[in-house]
Structure formats: C-alpha cells, structure tokens
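Per chain, numbering begins at 1; letters A, B, ... match sequence-line order.
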Amino acid sequence: MARLPSFFSNLYIRQNPKSFQGTTPQIRTRNLSIDQINGSSEEVLQHSRKPDEIFAQNQIMSVSEIAKEVADRIRTRPRWEQTLLSDFPTVNFTDPTVYNEVLRLQSNVFLSFRFYLWLRSLNGSSTDPALCNVMFSRLVQANAAYAAKNFLDDTKFEPEPQHLELYIRCLFENGLIDEALDVLDRLKLSGYCVSLETWNSALSHLVRTKRVDVVWKLYEDMMAYGVVTDINTISHLIQAFCLENNVAKGYELLQQVLEAGHAPHNIVFTKLVSAFCKNHDYGKVSAVLNNMIAKNCTPDIYTYQEVINRLCKGRMIHEGLRIFNELKNRGYFPDRVMYTTMINGLCRNKDLEGARKLWFEMIRNGIVPNEYTYIAFIDGLWRSGCIDEAEKLHKEMLNKGYGETTISFNTRINGLCLNGKVEEARGLFEEMNGKGIIRDSITYNSLIKGFSQQGKITEGMYFFNELLKNGFQPSTASFTLLIEKLCEAGHVKEAETLWLDMRDMGFEPAVLSLDPILLGLSKQGHFSEVMQWLGYMINNGARPKETTFEELIKCLSVADRVDDALYVLGSMLNMGFVLGESICHSLVDKLCRDNSHHHMGTSLEKILERR
DNA sequence: GTAGGGTTAG
C-alpha cells in the first residue's frame with residue numbers, strides 16, 4: 001500500500017469480484033493495469049488467463065474506474081438496484097465524488113434518475129442538497145422540463161442560482177413560459193443577475209408566444225440591471241414592435257441596428273415585411289427588402305411567402321400571383337407552403353381554375369399535397385360548387401393517412417351549407433360527436449348560417465343556442481343572418497329580444513348589428529320603433545349600413561313619413577355617407593308631388609348642399 | 001438540426 005499515490009481518498013478497494021461476469025474484456029485489461037500499480041502484476045497475469053478469477057482478491061480502483069463499472073451495470077442490468085450494494089460493499093455511494101461521477105457517466109437521464117432514487121433510499125442521502133443539485137442539473141441538461149419541475153416540487157430544495165438559470169431556459173424551450181417567468185422573478189429577487197443569453201432566450205420565447213407586454217417588462221428589468229444588450233436583444237424588440245403593430249418603431253430600431261453595422265436574422269426582416277404588408281404600406285415593404293439586399297441577407301422563401309400571403313389576404317391576389325410567377329421565372333422553386341398559400345389565395349378569390357392549375361403543377365413538380373394543401377383546395381372546390389370533386393379529394397386525403405380533424409369537418413360542413421345541403425351538414429355535425437372530434441365556434445357558426453340561409457329558423461336557433469351553451473361566440477355573419485331571417489319570417493319581436501339578450505350578455509358590438517331589425521320593423525310598418533332604434537344606434541356610435549339608410553328612407557317616403565325620412569337622411573349624411581341618386585330622386589319627387597311639403601323641398605336642398 | 005411559414009366562419 002505504500003506505493004499508493006496521494007489521491008488515496010479517491011480510491012476504493014473492491015472486494016466482491018463475482019459480479020463482474022458481464023463486463024467487457026477491455027475493462028478487465030484496464031483493471032489489470034491498476035493491479036500492476038498495486039504491485040501484483042504477476043498474480044494478475046496469471047489470472048488473466050482465467051478471467052472469472054481475476055477478481056478473487058482485493059483490487060484498488062480509481063473513482064472513475066468504479067463509476068464506469070457502476071454506470072455500465074446500471075445501463076445493462078435491469079435489476080441493478082438489488083445487487084449494487086452487495087457487489088460494491090466498500091463503495092460509499094453517498095460520497096459526492098462517487099455519485100457525481102456515476103451521474104456524469106450515465107448519459108440516459110432516466111437511468112440517472114433511477115440511480116438518484118436508489119441513492120435517496122440509502123441512509124442519510126435523502127436531503128443531501130449536493131445530490132439534489134446534481135440530479136436537478138442532469139434533468140435540466142436533458143431538457144426534461146416537466147421532470148425537473150416535478151423534482152423541485154417533490155424535493156423542495158433550493159437549487160443553486162446557476163442551475164436555476166439553466167432551468168429557466170429549459171422551461172422556456174418547453175413552452176412553460178409562466179413557470180419560467182416565476183423562476184426568473186425569484187432569481188431577480190435574490191439579487192442574482194442572469195446572463196445575456198438567458199435574457200435573450202426569455203425575450204425570444206416571449207416573442208414567439210406573442211407575450212409582448214412581458215417583453216417590455218423584461219426589457220425594463222434588463223435596463224435596470226445595466227445589462228449590455230446585443231443584436232439578438234434588439235431583434236426580439238423589433239419583433240415585439242411588429243407584434244403590437246407598432247411597425248414604425250420596429251423599423252426605426254432596424255435602421256439604428258443597420259447603421260451600427262449589424263445585420264439581424266432574416267426572420268426579423270420578414271416580420272417587418274409582414275407587418276408592413278398587413279398595414280398595406282408597400283413602400284416600406286420594398287424599403288425593408290432593399291435593406292435586406294444591401295446587407296446580403298437575401299430575401300428567402302419565407303420572406304416572399306409572407307409577402308404573397310399578405311397580398312392574397314389583403315385582396316391583392318393579382319399582385320401576389322405576379323410575384324409568385326416572377327419568383328418561378330427567376331428560378332426559385334416554390335415549396336409546398338408557397339403552393340398552399342397561393343392555391344388558398346386563388347380559391348378565396350374565386351379563381352378555382354387558377355388554383356386547379358397550380359394544384360396539378362405542384363404535383364407534377366413532385367410536391368405531395370399535405371393536410372394544409374388539401375384543405376385549402378377542397379375549401380375552394382366547395383365554394384365554387386364543385387361538390388363531387390371536393391368529396392373525392394376529401395376521400396383521397398383520408399386515404400393518404402390524414403385523419404379527420406375539426407378543420408376537415410368544418411370545411412365539409414361549411415361547404416355543404418354553402419351549397420344548401422344543410423341536412424347532410426347536420427349529419428356530419430352528429431358524426432363529429434360519435435368520432436370524438438371537437439366542435440368549435442366555426443362548426444356552429446357554419447350551421448347557424450346554413451340553416452338560417454335556408455329559412456330554417458328553428459334549426460338556426462337550435463345551433464345558436466348550442467353555440468352559446470358550449471361557450472362560443474356567434475360570428476357577425478351568423479348572428480346578423482339569424483336576426484335577419486327571424487325578421488323576414490315576421491318574428492321581429494323575437495329578433496329584438498334576442499338582440500337585447502346578446503347585448504346584455506356583453507357581446508362584442510361588432511357582432512351586434514341592428515340593421516336587420518330596423519329593416520324588419522320598417523317592413524312591418526312599425527316606424528316609430530324604427531326611429532327609436534335608430535336614435536339608440538346613433539347615440540351609441542353604431543353605424544347602420546348605407547343600404548339600410550336607403551331602404552329606410554324609401555319605406556318612410558312611401559309611408560308618407562317625410563319628416564322621419566328627412567331625419568334619417570340627415571343622419572346618413574352626418575355619418576359621411578353620400579346620397580345615392582335614386583334615393584335623391586324618389587325623395588324629391590315625393591316632396592314635389594305633395595304641395596304641403598313644399599317647405600321640405602327647401603330643407604332638403606339645404607341638406608343636399610352639403611354633398 | 002441550426003429562431004420562421006401555409007388550412008376551416010367573417
């Protein structure tokens with residue numbers, strides 16, 4: 001023993017040899033060399049011919065040797081817990097140098113965790129904060145956010161700040177944003193300032209989950225800590241500005257960054273492009289594109305796709321298509337998303353033939369449509385009344401293994417409704433229930449609209465009540481159509497009641513259009529109520545439609561209520577509407593035909609002067 | 001693999 005080196009404390013004597021039958025020859029060889037250090041080389045050489053007997057005597061091994069053996073055993077033996085202590089009787093597993101090394105060597109985090117639990121079951125190690133820290137950091141390194149969180153909740157130990165910092169990033173990466181923010185707050189309270197990388201990671205995930213308010217709060221904190229930001233920080237801030245539609249600020253920040261000689265990631269440019277597109281500020285769009293090119297950040301497929309997508313959504317489909325074709329001419333190959341975007345845009349623009357052409361071109365180019373592509377095109381087919389083709393493609397989609405979803409059902413239900421096949425749509429609605437597919441507000445709104453459109457008020461009301469029962473909001477279109485059809489069917493009182501109920505339930509003003517009620521009442525000749533409702537609307541800042549005003553004026557003139565007609569006309573003009581010629585004529589005719597209203601002609605002239 | 005994209009109502 002005199003020849004042992006000074007790191008004696010890190011060496012353990014292993015006594016029980018039999019347990020190493022499963023180890024590899026390589027390990028045995030290394031054990032030999034350790035034995036040689038111990039001065040028993042002759043004996044070992046002898047035994048090396050009978051491997052099973054090599055360990056029949058005490059050996060001295062380093063911690064890393066032992067740890068390797070233990071780690072191997074944990075990895076290869078299912079029931080290692082039962083034999084570990086008896087096989088390594090002299091090893092003190094609760095010594096941090098040992099378990100640290102075993103955990104370091106154990107790449108499988110679940111096995112590490114089993115080892116940890118085993119250690120915890122040994123005496124005295126249950127509250128060892130060092131062990132907890134090691135295990136916790138292993139879980140964090142393995143990006144096992146939920147496991148790490150459960151671990152903290154169970155053990156109630158306080159990890160070291162640097163481990164918590166990594167834990168924060170791990171939580172963000174796994175989408176546990178609020179949890180991450182909590183831990184970050186805790187760290188801040190303790191006075192520990194996390195690194196720029198962690199701040200940036202937080203900002204990045206907040207931007208990705210659109211939590212703009214928290215972005216600004218964190219940024220304030222960063223400033224308070226005097227953190228020196230970098231281009232990544234600013235990139236996130238620019239995106240945050242885009243998210244809250246404060247594009248001008250984002251653009252300003254971009255210019256500052258560019259002037260300072262930095263170039264943000266392509267995505268930052270793309271987000272600005274997208275935001276400016278949304279605002280129809282195409283001059284700025286091309287300015288950003290030029291910024292990109294100047295910085296050698298060539299606009300990529302994402303950038304162009306965003307432009308095309310926004311152009312299509314902003315009803316500038318022709319411009320979108322022009323760019324799409326231009327890209328192809330310049331040798332870009334549109335990918336599946338690009339084709340989907342374009343097909344969807346064309347379908348929404350009722351250019352089914354254009355969409356169909358692209359559909360086949362895409363397939364010719366070897367791009368296989370996926371769920372998005374199918375839905376976009378199938379929806380277009382429904383809207384264009386190509387029912388059989390829509391159903392055929394739907395089957396094809398299912399055959400390709402895309403399962404039925406809320407969206408696929410909604411597309412069909414809405415498609416059937418658009419084509420008047422409401423009973424079939426109802427059948428699908430029931431089918432969803434049987435198949436356990438979630439119905440959403442789109443499902444209900446499509447059916448409300450579909451049945452109402454057919455004048456089937458009872459069914460329309462049924463789906464409306466179901467929608468409310470399930471906690472969804474009616475869409476403007478479905479609610480308006482329902483009210484309109486109620487009025488048309490003569491149930492104006494019911495429509496008024498429904499409207500008032502909805503208002504009292506606090507529904508969005510946008511949904512609550514009174515126009516159909518005004519028209520319904522006016523059709524029934526309840527003019528004093530029409531005037532009351534109109535007064536209510538005007539007082540509450542609601543804007544009746546131009547066609548509603550015109551219809552009211554017509555009805556009021558016909559009913560000889562010229563004063564009311566002129567009042568309505570005045571309100572209409574006050575709201576900035578321009579008087580249509582036919583209304584103008586019919587009103588003037590009316591007034592001139594009737595001498596008693598001659599003075600009215602004069603007041604009308606006054607009103608018309610403001611045109 | 002390396003921050004990102006497209007689908008159903010209105």
| query | If you check the A/T373 side chain, which of B/dG5, B/dT8, B/dG6 turns out closest? | reply | B/dG6
| Counting any heavy atom closer than 4.0 Å, what does A/S475 reach on the DNA or RNA strands: base, sugar-phosphate only, or nothing? | base
| field | Atom-to-atom span, CG of A/N232 to C1' of B/dG4 - whole angstrom | value | 15 Å
| Whole-Å gap separating C1' (B/dG4) and CZ (A/F269) | 14 Å
| request: May I have the distance from A/N266 (atom CG) to B/dG5 (atom P), rounded to whole angstrom? | output: 14 Å
| query | A/R310 has an atom CZ; how far is it from atom P of B/dG5, in whole Å? | reply | 11 Å
| query | Within the structure shown, what part of the strands sits under 4.0 Å from A/S274 by heavy-atom distance: base, sugar-phosphate, or nothing? | reply | nothing
| query | CD1 of A/I375 versus P of B/dT7: gap in Å, rounded? | reply | 12 Å
| message | Once you apply a heavy-atom cut-off of 4.0 Å, does A/T340 come out as touching a base, just sugar-phosphate, or nothing? | response | base
| query | With a distance cut-off below 6.0 Å to the six-membered ring centre and an angular limit of 45° from the axis, does A/R543 pair with A/F577 as a cation-pi contact? | reply | yes
| Does A/K210 have a side-chain nitrogen or oxygen under 4.0 Å from the phosphate oxygens OP1 or OP2 of B/dG4? | no
| field | B/dG6 pyrimidine/purine six-ring stacking with A/Y372, under 5.5 Å and 30° | value | yes
| request: Indicate whether OP1 or OP2 belonging to B/dT8 is found under 4.0 Å from a side-chain N or O atom of A/N344. | output: yes
| task | Using a 4.0 Å heavy-atom cut-off across all strands, classify A/Q239 as base, sugar-phosphate, or nothing. | result | base
| query | Base, sugar-phosphate, or nothing: which does A/T476 touch, judged by heavy atoms less than 4.0 Å apart? | reply | nothing
| request: Establish, yes or no, whether a centroid distance under 6.0 Å links the rings of A/Y332 and A/F324. | output: no
| query | Of all the nucleotides listed (B/dG4, B/dT8, B/dG6), which has the minimum atom distance to the side chain of A/D300? | reply | B/dG4
| query | Given atom CD1 of A/I407 and atom P of B/dG6, what is their separation to the nearest angstrom? | reply | 12 Å
| query | Do A/N309 and A/K313 get their side chains close enough for a donor-acceptor pair, meaning under 3.5 Å? | reply | yes
| query | Does A/F241 have its ring centroid less than 6.0 Å away from the ring centroid of A/Y251? | reply | no
| said: Taking the minimum atom-to-atom distance to the side chain of A/T270, which one of B/dG6, B/dT8, B/dG4 wins? | reply: B/dG4
| When you check the side-chain N and O atoms of A/T233 and A/D230, is any donor under 3.5 Å from an acceptor? | yes
| message | Between the base of B/dG6 and the side chain of A/N370, is one N or O donor paired with an acceptor at under 3.5 angstrom? | response | yes
| request: Please check the phosphate of B/dT8 (OP1 and OP2 only) for any side-chain N or O of A/R348 closer than 4.0 Å. | output: yes
| said: For a quick test of reading the model: is some side-chain N or O of A/R208 closer than 4.0 Å to OP1 or OP2 of B/dG4? | reply: yes
| No-H, no-angle donor-acceptor pair, A/T341 side chain to B/dG6 base, under 3.5 Å | no
| task | Let me know the distance between NE2 of A/H394 and P of B/dT8, rounded to the nearest Å. | result | 16 Å
| Heavy atoms under 4.0 Å, any strand shown: does A/H236 hit a base, just sugar-phosphate, or nothing? | base
| said: Using a 6.0 Å distance limit plus a 45 degree cone around the ring axis, check whether A/R336 lies over the aromatic ring of A/Y372. | reply: no
| field | Whole-Å distance separating the CD1 atom of A/I308 from the P atom of B/dG6 | value | 13 Å
| request: Would you indicate what A/T405 reaches in the nucleic acid, counting non-hydrogen atoms under 4.0 angstrom: base, sugar-phosphate, or nothing? | output: nothing
